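Worksheet for the structure shown next.
Every heavy atom of this structure was used, including side-chain atoms; hydrogens, water molecules and symmetry mates were not. Source: prediction; values computed, not measured. Along the sequence shown, residues carry numbers from 1.
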Amino acid sequence: MINNQHITDFSGLSNQAKCFKTSLFIFRCSVRTSWLDMNGHMNVRPYFEVFTEAGDLACRDLGLGNSYLDRGHTIFAGDFHITYVREILAGGTLTITTRILELDTKRFVMHHEMFDDRDGALAATAEQLLLNVGVGSRKVEPFRPEVLERLREAQLGQSGSPPRNVGRAASLIAGAPAR
């Protein structure tokens, strides 16, 4: 379990982090020394864990957590892509902002941006394709109308700067990620 802070009250944020108020979901955690690899920076696995935790909390806030499962549906990951922008070292904190990029009747894409709180710089981004799955059928199914409307409202209620590194894929010709 990641020791984290799921932020819904922005009054306790530093001036540096207040710029994230316009994003839909905000998650913070401390960087642990156990997350470091032989190069002295955060290893690949903790990035995935932190982005997954941020996405899980956003889904819970959208009503797609345990209560959603109890009503016969759940969310599966269909794809997950991380773009590493700069090193993360031990001892600091990270702020992850999450928003909904795309949405249709059965799927949605979450976009995460990870910021190093020491200087507010972008450290990594992630995109997550999430699928609405029926618990009984174990197949992708349409969202219930009220769930789809809640997701649309959340997507439309977002503001802030455009997300960076959207749609990136592993490629030798893609060039450096946006900072």
Legend entry - Close side-chain approach of I88 and D116, heavy atoms under 4.5 Å: yes

Inset, instruction - Measure the NZ-CG distance between K139 and L131 for me, rounded to the nearest 0.5 Å. - result: 14.5 Å

Legend entry - Within 6.0 angstrom of N39 CG, more than 12 heavy atoms from elsewhere: yes

Legend entry - Note, R164 side chain near E113 side chain (heavy atom, < 4.5 Å): yes

Inset, instruction - Looking only at non-hydrogen atoms, find the nearest pair between A77 and L130 and report the distance. - result: CA-CD2, 4.0 Å

Inset, instruction - Verify the cluster assignment for I100 and I75: are they in a single hydrophobic cluster under the rule of side-chain heavy atoms below 4.5 Å apart? - result: yes

Legend entry - Under 3.5 Å: donor-acceptor pair, side chain of R71, backbone of S67: yes

Legend entry - Taking every non-hydrogen atom, the tightest pair across A54 and T98: CB-OG1, 4.0 Å

Inset, instruction - Answer yes or no: is there a side-chain heavy-atom contact under 4.5 Å between M114 and L122? - result: no

Inset, instruction - Using atom types as modelled and distance alone, determine if a side-chain donor or acceptor of H112 lies under 3.5 Å from a backbone N or O of Q128. - result: no

Legend entry - Hphob cluster co-occupancy, V133 + V135, side-chain heavy atoms under 4.5 angstrom: no

Inset, instruction - Mind running side-chain contact (heavy atoms from CB on, under 4.5 Å) on L148 and T105 for me, showing each step along the way? - result: CA-CA 7 Å; L148 183 59; T105 60; 4.2 Å; yes

Legend entry - Any side-chain heavy-atom pair of L101 and V166 under 4.5 Å: yes

Legend entry - Under 3.5 Å side-chain donor-acceptor pair for R28 and T95: yes

Legend entry - Close side-chain approach of W35 to C29, heavy-atom, < 4.5 Å: yes

Legend entry - Heavy-atom check, side chain of D70 versus side chain of Y68, under 4.5 Å: no

Legend entry - In one Ile/Leu/Val/Met/Phe/Trp/Tyr side-chain cluster, 4.5 Å: F76, V140: yes

Legend entry - F25 side, atom CZ; M110 side, atom CE - distance, nearest 0.5 Å: 6.0 Å

Legend entry - Hydrophobic cluster identity match, F80 and L57, side-chain contacts under 4.5 Å: yes

Inset, instruction - Measure the spacing between CD1 of I96 and OG1 of T125 and express it to the nearest 0.5 Å. - result: 12.0 Å

Legend entry - Donor-acceptor side-chain pairing of T83 and N165 below 3.5 angstrom: no

Legend entry - Ring geometry between Y84 and Y47 (parallel below 30°, tilted from 30 to 60°, perpendicular above 60°): perpendicular

Inset, instruction - Report yes if the side chains of R60 and L64 come closer than 4.5 Å at any heavy-atom pair, otherwise no. - result: no

Legend entry - Heavy atoms from other residues, nucleotides or ligands near CZ of R107 exceed 12 (cutoff 6.0 Å): no

Legend entry - Interatomic distance, L94 atom CG to M42 atom CE [nearest 0.5 angstrom]: 5.5 Å

Inset, instruction - Might you point out which heavy atoms bring L103 and F143 nearest each other, and give the distance in Å? - result: CD1-CE1, 4.3 Å

Legend entry - Basic-acidic side-chain contact under 4.0 Å: D61, R150: no

Inset, instruction - Return yes if some donor-acceptor pair links the side-chain N/O of E53 with the main-chain N/O of V50 below 3.5 Å, else return no. - result: no

Inset, instruction - Answer yes or no: is there a donor N or O on one side and an acceptor on the other, between the side chain of E127 and the main chain of G167, under 3.5 Å? - result: yes

Inset, instruction - In plain terms, say whether E141 and K106 are close enough for a salt bridge, that is, a side-chain N and a carboxylate O under 4.0 Å apart. - result: no

Legend entry - Close side-chain approach of F115 to T97, heavy-atom, < 4.5 Å: yes

Inset, instruction - Applying side-chain contact (heavy atoms from CB on, under 4.5 Å), run through L156 and E153 and close with a yes or a no. - result: CA-CA 5 Å; L156 293 173; E153 287 175 10; 5.9 Å; no

Legend entry - Flag, side chain of N132 to backbone of P142, donor-acceptor distance under 3.5 Å: yes

Inset, instruction - Mark yes or no for whether D119, through its side chain, and A121, through its backbone, hold a donor-acceptor pair below 3.5 Å. - result: yes

Inset, instruction - Report the C-alpha separation of L62 and L151 in whole Å, then their side-chain angles, then the decisive distance to 0.1 Å, and conclude whether the side-chain contact (heavy atoms from CB on, under 4.5 Å) test is met. - result: CA-CA 7 Å; L62 287 163; L151 291 169; 3.8 Å; yes

